Amino acid sequence: MQIFGARVIILKNIMIKIALLKEQIERFLHHSYLLQHIPSRPIDEDRILLSLSMLEDAQISPEKADHYIIPMMLVQIALDTHDEVTNSVSNHEDDDLKTRQLVVLAGDLYSGLYYDYLAKLNEISMIRLFAEAIKEINEHKIRLYQKDIERIETLFDSVGTIESALICKMAEHFSAPLWVNFSYDYLLLKRLNKERETFIHSGSSVLFEQMANIVFPKTKTVTKEQKHYLLHICNRYIDHCKEKLLKMKLEVNEALQIRISELTGGFSAIAKKTVEEG
């Protein structure tokens, strides 16, 4: 009973920490004029949880961890914000020109905030680190949107890199190699789940368009049977990510255990893995 109580306290402390970091990030993102014209930016709690867990495992002090997580999240939000414009143009949406321009400016603003934040702390090495990650992410995004990818394996690897490069670079920097693979598979799985849901409900998604271009290059309109085949491919990669996460020899905190169980299909998957390992 005492062990259960201690686990609950640990979980509660982690959730409080995530909420406090979100509040700090939201203060950086707040801009009264932008909020009048474009929606507020979503903050991915999974990325906060992953980076918190990784930095704690790397024995980085809580105060220092904040100094790395906040700018990392600002960079991620800047990249995601710019993606909104890219996706709307590629989908030929009739967006208001002013709105698109403001979204671009918002992305530029958030990108500048991360640089200013780290410069004030004299964290020059982290500025370089995030700059390297941004360059790598943008290179893979160009390949993705220009349809330069010819293999499904390469496509999914690019998506995994786009999703995880910022956290993976931090994990490498702080000598936490197990977290590189874990973060890659975790964030790729999350993105694949999202793309699959989008495809099922709307019939299209950025990832599935690229998959169709690779698998059915001569087909202009994907048939129902072809859509089922694309879903089969995506499901296969989702299962592969789940399997890798469940086999990972990495001790994680209570909050991350819960999220892993949710992403991999519930607590039964965790329980099964525990029983199999004896």
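These numbers were taken from a predicted model, which means no experiment stands behind them. All values below were derived from every heavy atom in this structure, side-chain atoms included, with hydrogens, water molecules and symmetry-related copies excluded.
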What closest approach, in Å, do Leu118 and His67 show between heavy atoms, and which atom pair accounts for it? CD2-O, 3.7 Å

Please report the interatomic distance CG(Leu144) to CD1(Ile162), rounded to the nearest 0.5 Å. 5.0 Å

Could you tell me whether Lys135 and Glu139 make a salt bridge, using a distance below 4.0 angstrom between a side-chain N and a carboxylate O? yes

Contact summary for Cys234 and Leu192, nearest pair of heavy atoms: SG-O, 4.1 Å

Tell me, with the steps shown, if Ile137 and Leu166 meet side-chain contact (heavy atoms from CB on, under 4.5 Å). CA-CA 9 Å; Ile137 289 168; Leu166 286 166; 4.1 Å; yes

Kindly say whether Val222 contributes a backbone atom to a donor-acceptor pair with the side chain of Thr219 at under 3.5 angstrom? no

I'd like to know if the side chain of Ser51 and the backbone of Ile48 have a donor-acceptor N/O pair within less than 3.5 Å. yes

Which pair of heavy atoms, one from Leu50 and one from Ser183, lies closest together, and at what distance? CD2-OG, 4.2 Å

Would the distance check show the side chain of Ser53 and the main-chain N or O of Leu49 forming a donor-acceptor pair, the cut-off being under 3.5 Å? yes

Over all heavy atoms of both residues, which pair between Ala119 and Ile127 is shortest? Give the atoms and the distance, please. N-CD1, 3.9 Å

Salt bridge (charged side-chain N to carboxylate O under 4.0 Å, His left out) partner of Asp185, the single match among Lys244, Lys242, Arg191: Lys244

Side-chain heavy atoms under 4.5 angstrom apart, residues restricted to Ile, Leu, Val, Met, Phe, Trp, Tyr: same cluster for Ile142 and Val75? no

Please check this pair: side chain of Arg151 against backbone of Ile149, looking for a donor-acceptor N/O pair closer than 3.5 Å. no

Distance (rounded to the nearest 0.5 Å) between Ile233 CD1 and Met211 CE: 4.5 Å

One pair to check against side-chain contact (heavy atoms from CB on, under 4.5 Å): Tyr114 and Ile134. What are the steps and the verdict? CA-CA 12 Å; Tyr114 104 84; Ile134 292 168; 4.0 Å; yes

Grouping I, L, V, M, F, W and Y whenever their side-chain heavy atoms are under 4.5 Å apart, do Met73 and Ile16 come out in a common cluster? no

Do other residues, nucleotides or ligands put more than 12 heavy atoms under 6.0 Å from the CD atom of Glu251? no

Do the ring planes of Tyr237 and Phe156 sit parallel (below 30°), tilted (30 to 60°) or perpendicular (above 60°)? parallel

Quick check: is Val206 connected to Val215 through a chain of hydrophobic side chains (ILVMFWY, heavy atoms under 4.5 Å apart)? yes

Quick check for you: to the nearest 0.5 Å, what is the distance between Arg41 atom CZ and Ile25 atom CD1? 14.5 Å

Take a 6.0 Å sphere around NE2 of His240 and say whether it holds more than 12 heavy atoms from other residues, nucleotides or ligands. no

Give the C-alpha distance, both sets of side-chain angles, the deciding distance and a yes or no for side-chain contact (heavy atoms from CB on, under 4.5 Å) between Arg47 and Leu187. CA-CA 8 Å; Arg47 293 180 187 278; Leu187 291 171; 3.5 Å; yes

Just wondering, more than 12 heavy atoms not from Tyr117 lying within 6.0 Å of its OH? yes

Atom OG of Ser158 and atom CD of Glu163: how far apart are they, to the nearest 0.5 Å? 11.5 Å

Of Lys17, Lys190, Arg259, Lys22, the one forming a salt bridge (charged side-chain N to carboxylate O under 4.0 Å, His left out) with Glu45 is Lys22

Criterion side-chain contact (heavy atoms from CB on, under 4.5 Å) on Leu21 and Ile43, from CA distance to verdict: CA-CA 10 Å; Leu21 280 166; Ile43 298 172; over 6 Å; no

Mark yes or no for whether Asn235, through its side chain, and Leu231, through its backbone, hold a donor-acceptor pair below 3.5 Å. yes

Tell me, yes or no, whether the heavy-atom count around Gln59 atom CD, taken from other residues, nucleotides or ligands under 6.0 Å, exceeds 12. no

Charged N to carboxylate O below 4.0 Å: is that the case for Lys141 and Asp83? yes

Crowding at CZ, Phe174 (>12 non-hydrogen neighbours, <6.0 Å): yes

Is it the case that one hydrophobic cluster holds both Leu121 and Met72, taking links as side-chain heavy atoms less than 4.5 Å apart, direct or via other members? yes

Which pair of non-hydrogen atoms, one from Phe28 and one from Leu74, has the smallest distance, and what is that distance? CB-CD2, 4.0 Å

Looking at CD of Gln76 and OH of Tyr110, how far apart are the two atoms once the value is rounded to the nearest 0.5 Å? 14.0 Å

Locate the shortest heavy-atom distance separating Gly107 from Ala78; write the atom from each residue and the value. O-CB, 3.4 Å

Take the angle between the ring planes of Phe208 and Phe199 and call it parallel below 30°, perpendicular above 60°, tilted in between. parallel

Transitive ILVMFWY side-chain link Leu263 to Val180, under 4.5 Å: no

Leu105 CG to Thr81 OG1 distance, which is reported to the nearest 0.5 Å: 11.5 Å

May I ask you to decide whether Glu254 forms a salt bridge with Lys12, counting only side-chain N to carboxylate O separations under 4.0 Å? no

